[in-house]
**Q** 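Shown below is the structure under consideration.
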Amino acid sequence: QVHVAESGGGLVQAGGSLRLSCAASGRTFSNYHMGWFRQASGKEREFVATVTWNGRSTYYADSVKGRFTIDRDNAKNTVYLQMNSLKPEDTAVYYCAADASLSLVLRTTPRAYEYWGQGTQVTVSS
């Protein structure tokens, strides 16, 4: 199995930027598609972005498209989420997750991802 741990969260003003990192250890990192999800207080966990094992394909939730960018560095066993033009509604705990299926279609439901980190808090003030 793979272990993942997020970092980079914090407090930022609306319009600002943050870059989240997710470091993986254990099994070969390139064996997994990787995804970012978030969960706001009192709400269900929702999909944010995902990237294929080789970094060549990505997919985003409509709510973050054009503002967030997911990418990965397999040499560093790390996936990133660059978040720009942040809004108060982006406030949530952000989770990194690994999908071992290597499905030809990137998946957006939490149950499709087997391994999860503990999350990192992102708070956007207005």
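Here the structure is a predicted model, which means the values were calculated and not measured.
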**Q** List the residues meeting side chain to side chain contact (heavy atoms under 4.5 Å, CB included) with Arg19, not counting sequence neighbours, and say none if there are none.
**A** Asp71, Tyr80, Gln82
**Q** Suppose we screen for side-chain hydrogen bond (donor to acceptor under 3.5 Å, both in side chains). Which residues come up paired with Ser103, at least two apart in sequence or across chains?
**A**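 Listed in chain order: nothing, the list is empty.
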**Q** Going by the rule side chain to side chain contact (heavy atoms under 4.5 Å, CB included), which residues pair with Glu46 if we only count those two or more places apart in sequence or in a different chain?
**A**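 Side chain to side chain contact (heavy atoms under 4.5 Å, CB included) list for Glu46, sorted by chain: Arg38.
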**Q** Sequence neighbours excluded, which residues qualify as side chain to side chain contact (heavy atoms under 4.5 Å, CB included) partners of Lys43?
**A** Ala40
**Q** To check you understand the geometry: which heavy-atom pair defines the closest contact between Phe29 and Ala24, and what is its length?
**A** CD1-CB, 3.4 Å
**Q** Applying side-chain hydrogen bond (donor to acceptor under 3.5 Å, both in side chains), name anything that partners Glu89, two or more places apart in sequence or on another chain.
**A**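 side-chain hydrogen bond (donor to acceptor under 3.5 Å, both in side chains) list for Glu89, sorted by chain: empty.
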**Q** Hey, any chance Leu18 and Val79 share a hydrophobic cluster, counting ILVMFWY side chains that come within less than 4.5 Å of each other, even indirectly?
**A**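 Leu18 clusters together with Val79.
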**Q** Please enumerate all residues that pass side-chain hydrogen bond (donor to acceptor under 3.5 Å, both in side chains) together with Glu114, with sequence neighbours excluded.
**A**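 Glu114: no side-chain hydrogen bond (donor to acceptor under 3.5 Å, both in side chains) contacts found.
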**Q** I'd like to check Val12 versus Met83 (side-chain heavy atoms, cut-off strictly below 4.5 Å). Are they in contact?
**A**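 Of all side-chain heavy-atom pairs linking Met83 with Val12, none is under 4.5 Å.
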**Q** Would you say OH of Tyr59 has more than 12 non-hydrogen atoms from neighbouring residues, nucleotides or ligands within 6.0 angstrom?
**A**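 No.
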**Q** Could you tell me whether the side chain of Leu106 reaches within less than 4.5 Å of the side chain of His33, counting heavy atoms only?
**A** yes
**Q** Would you please name every residue forming a side chain to side chain contact (heavy atoms under 4.5 Å, CB included) with Ser7, sequence neighbours left out?
**A**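 Scan of Ser7 (side chain to side chain contact (heavy atoms under 4.5 Å, CB included), adjacent residues dropped) gives Ser21.
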**Q** State which residues pass ring pair (Phe, Tyr, Trp, His ring centres under 6.0 Å) with Tyr113; sequence neighbours excluded, sorted by chain then number.
**A** Phe37
**Q** Tell me if a side-chain donor or acceptor on Arg107 pairs with a main-chain N or O of Thr50 at a distance below 3.5 Å.
**A**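 Here the side-chain-to-backbone pair does not exist.
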**Q** Check side-chain hydrogen bond (donor to acceptor under 3.5 Å, both in side chains) between Asn77 and all other residues, then give those that pass, not counting sequence neighbours.
**A** none
**Q** Would you list the pairs meeting salt bridge (charged side-chain N to carboxylate O under 4.0 Å, His left out) in which at least one residue belongs to residues 49-70, sequence neighbours left out?
**A** Asp62-Lys65, Arg67-Asp90
**Q** Do any pairs count as a disulfide bond (SG atoms under 2.5 Å apart) and have a residue in residues 69-126, sequence neighbours left out, and if so which ones?
**A**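 Pairs touching residues 69-126 that pass the test: Cys22-Cys96.
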**Q** With sequence neighbours excluded, give me every disulfide bond (SG atoms under 2.5 Å apart) pair touching residues 24-90.
**A** none
**Q** Atom CD in Gln121, atom OG1 in Thr91: separation rounded to 0.5 Å?
**A**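 Here the interatomic distance stands at 7.0 Å.
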